[in-house]
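Working notes, structure below.
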Amino acid sequence: MTRKSKSEIGKSSLSKSLLVWYDRARRDLPWRAAPGERPDPYAVWLSEIMLQQTTVAAVKAYYEKFLALWPRVDDLAAASLEQVLQAWAGLGYYSRARNLHACAQRVVVEHGGVFPPRESELRRLPGVGPYTAGAIAAIAFDQPAPVVDGNVERVVARLLALETPLPAAKKEIFAFVADILPHDRPGDFAQAMMDLGATVCAPRAPGCLICPLARFCAARGGDPRDFPKKPPKKARPFRRGAAFVLRRADGAVLARRRPERGLLGGMTEFFGSDWREGRAEDWPEKRGRERAPCATANWRLAGEIDHVFTHFALRLAVFVAAAPADFSAPEGGFWLAADDLRAAAFPSVMRKVEACALKAWDLPAPAKPA
DNA sequence: GACCCGTGGAG
DNA sequence: TCTCCAAGGGT
């Protein structure tokens with residue numbers, strides 16, 4: 001029997017303390033299997049994609065909706081991209097939805113409808129990066145894969161009092177996690193690290209007094225909030241534009257689809273101008289109207305809406321008009337029937353435009369979709 | 001590595 | 001135009 005070094009004992013003890021805590025304090029989440037049970041890889045994958053840069057609270061309703069609409073991966077693969085985008089609308093980062101759909105089809109066609117258990121195979125699937133591949137391998141298949149997300153980065157940066165700023169510190173963090181990973185419960189270990197980061201080792205209010213890893217933590221004694229070190233953020237530019245909501249007598253509105261790639265790719269939107277950088281005073285009302293999809297309609301300004309994207313803020317002037325009787329949808333446009341409005345693949349910014357227009361017409365705001 | 005890509009909630 | 005951020009991935 002080989003003697004264990006002091007650091008090996010410390011690492012083993014750290015993992016044990018974490019798992020003991022996890023068995024008592026683990027969060028009960030819809031996609032999480034009961035203790036001792038193996039979760040459905042499809043459910044794990046679906047939840048992991050949705051949880052990318054997205055809060056648990058925001059994901060829950062979408063997760064339930066997707067699982068109800070498409071209980072298995074072949075159901076999702078058989079759906080149209082349009083249906084998937086409609087169901088994803090409002091959750092953000094829409095390339096995830098496009099990749100989700102493509103990934104489901106790949107799993108069906110290339111893997112017989114069964115998710116591959118190996119991290120290296122998972123990594124090749126669209127929308128599955130280093131984190132997600134490790135998470136699925138560990139959680140769904142109990143493979144000893146290191147799982148490093150934002151929570152784990154914060155927990156480890158504090159444990160080690162890492163002076164290296166992110167993202168440069170990722171290598172070091174990954175190596176540490178790989179080193180302490182217990183091979184008997186890799187799935188629970190991954191989820192325990194993330195639960196700890198989410199509920200105890202929180203960004204702003206770390207609960208060091210109740211932390212099971214406090215005795216291992218190098219940041220304890222100082223201010224844990226000093227870690228991880230992060231580079232300063234860039235200023236967010238301001239853009240401005242106009243949106244046009246044209247309404248037919250039967251209540252249908254004119255819409256179009258955005259290009260497959262790029263911002264809000266594949267999503268439905270109202271016609272509008274470009275969104276250009278500039279100050280509010282550089283955008284007189286008249287300039288917006290020039291871009292209207294129907295020159296003969298009597299456009300009036302309904303109001304303005306504000307929306308914040310990841311890398312710019314947007315203010316949109318919302319113009320509304322009744323469609324002339326002889327007007328037909330222009331190239332690239334289509335009429336969205338009043339009954340189909342609620343289910344349309346509108347991103348949140350377009351829901352704001354819609355709400356602004358409905359209010360101007362004194363129409364009731366649509367009920368929030370289930 | 002840098003930049004693009006949404007949204008809503010907490011503090 | 002408060003700031004910060006949440007189970008990242010693609011290019």
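All values below come from the heavy atoms of this structure, side chains included, with hydrogens, waters and symmetry mates left out. Sequence lines set the chain letters: A, B, ... in the order given, protein chains first and strands last, and positions in each chain run from 1.
Aromatic pair A/Y62/A/W88: ring centres not closer than 6.0 Å. Aromatic rings from A/F270 and A/F346 are positioned such that their centres are separated by under 6.0 Å. Two rings, from A/F319 and A/F244, have their centers less than 6.0 Å apart. Aromatic ring centres of A/H307 and A/F309: separated by under 6.0 Å.
Nucleic acid contact class of A/W31 (heavy atoms, under 4.0 Å, all strands): base. Within the nucleic acid shown, A/R32 comes within 4.0 Å of at least one base atom, counting heavy atoms only. Heavy atoms of A/R27 sit under 4.0 angstrom from at least one base atom. Within the nucleic acid shown, A/G90 comes within 4.0 Å of sugar-phosphate atoms alone, with no base atom in reach, counting heavy atoms only. Contacts of A/V308 with the nucleic acid, taken as non-hydrogen atoms under 4.0 Å apart, include base atoms. At the heavy-atom level, A/S95 lies nowhere under 4.0 Å from the strands shown. If you check every strand for non-hydrogen atoms under 4.0 Å, A/P126 touches sugar and phosphate atoms only. Counting any heavy atom pair closer than 4.0 Å across all strands shown, A/L264 reaches sugar-phosphate atoms only and no base atom. Residue contacts shown for A/S47 are absent, as no nucleic acid heavy atom lies under 4.0 Å away. Nucleic acid contact class of A/L29 (heavy atoms, under 4.0 Å, all strands): base.
Side chain of A/A198, nearest nucleotide from B/dC5, C/dA6, C/dA7: C/dA7. Residue A/P347 has its side chain nearest to B/dT7 when only C/dG9, B/dT7, B/dG1 are considered. The A/N99 side chain lies nearest to C/dG10 when the options are C/dG10, B/dC3, B/dG1. Taking every side-chain heavy atom of A/F309 into account, B/dG6 is the closest of C/dT11, B/dG6, C/dT1. Taking every side-chain heavy atom of A/Y94 into account, B/dT7 is the closest of C/dA6, C/dG8, B/dT7. When distances run from any side-chain atom of A/K233 to the nucleotides C/dA7, C/dG8, C/dC5, the shortest one goes to C/dC5. In the set C/dA6, B/dC4, C/dT1, the nucleotide with an atom closest to the side chain of A/D306 is C/dT1. Comparing C/dG9, B/dG6, C/dA6 against the side chain of A/P130 picks out C/dG9 as the nearest. Looking at the side chain of A/K230, the nearest of the listed nucleotides C/dT11, C/dC5, C/dT1 is C/dC5.
By the 30° and 60° cut-offs, the orientation of the rings of A/W45 relative to A/F115 is tilted.
Remark: P of B/dC4 and CZ of A/R261 are 16 Å apart, rounded to the nearest angstrom. Atom-to-atom, CE of A/M267 to P of B/dC5 comes out at 15 Å; the value is rounded to the nearest Å. When rounded to the nearest whole Å, the span between CG of A/L263 and P of B/dT7 equals 8 Å. Per the geometry, CG belonging to A/N151 stands 11 Å off C1' belonging to C/dC5, to the nearest Å. If you take CD of A/E277 and P of C/dT1, they are 15 Å apart, rounded to a whole angstrom. Between the P atom of B/dC4 and the CZ atom of A/R96 lies a distance of 19 Å, rounded to the nearest Å. In this structure, the NE2 atom of A/H307 is 13 Å from the P atom of B/dC5, given to the nearest Å. The interatomic distance linking A/R98 (CZ) with B/dG6 (C1') rounds to 12 Å, in whole Å.
Between the CG atom in A/L316 and the CZ atom in A/R239 there is a gap of 12.0 Å [rounded to 0.5 Å].
Dashed line: the shortest gap from a side-chain N or O of A/H311 to OP1 or OP2 of B/dC5 is under 4.0 Å. The side chain of A/T132 contributes an N or O atom lying less than 4.0 Å from OP1 or OP2 of C/dG9. Contact check, A/R351 against B/dT7: no side-chain N or O comes under 4.0 Å of OP1 or OP2. Contact annotation: A/S348 side-chain N/O to B/dG8 OP1/OP2 distance is under 4.0 Å. Residue A/Q53 places at least one side-chain N or O under 4.0 Å from the OP1 or OP2 atom of C/dG8.
Here the separation of C/dA7 from B/dA2, taken at their C1' atoms, is 23 Å to the nearest Å.
Mapping A/F312 and A/A57 onto DNA chain B via the closest heavy atom, the residue that lands nearer the 5' end is A/F312. Take the nearest nucleotide of DNA chain C for A/R123 and for A/R236: the residue whose nucleotide is more 5' is A/R236.
In terms of heavy-atom proximity, A/F216 sits nearest to A/S13 at CZ-OG, 3.5 Å.
No hydrogens or angles were tested; on distance alone, a donor-acceptor pair under 3.5 Å links the side chain of A/T54 to the base of B/dG6. A donor and an acceptor atom sit less than 3.5 Å apart, one in the side chain of A/T310 and one in the base of B/dG6. With hydrogens and angles ignored, a donor-acceptor pair under 3.5 angstrom links the side chain of A/R204 to the base of C/dC4.
Using a 3.5 Å distance cut-off with no hydrogens or angles, the side chains of A/R96 and A/T54 do pair a donor with an acceptor.
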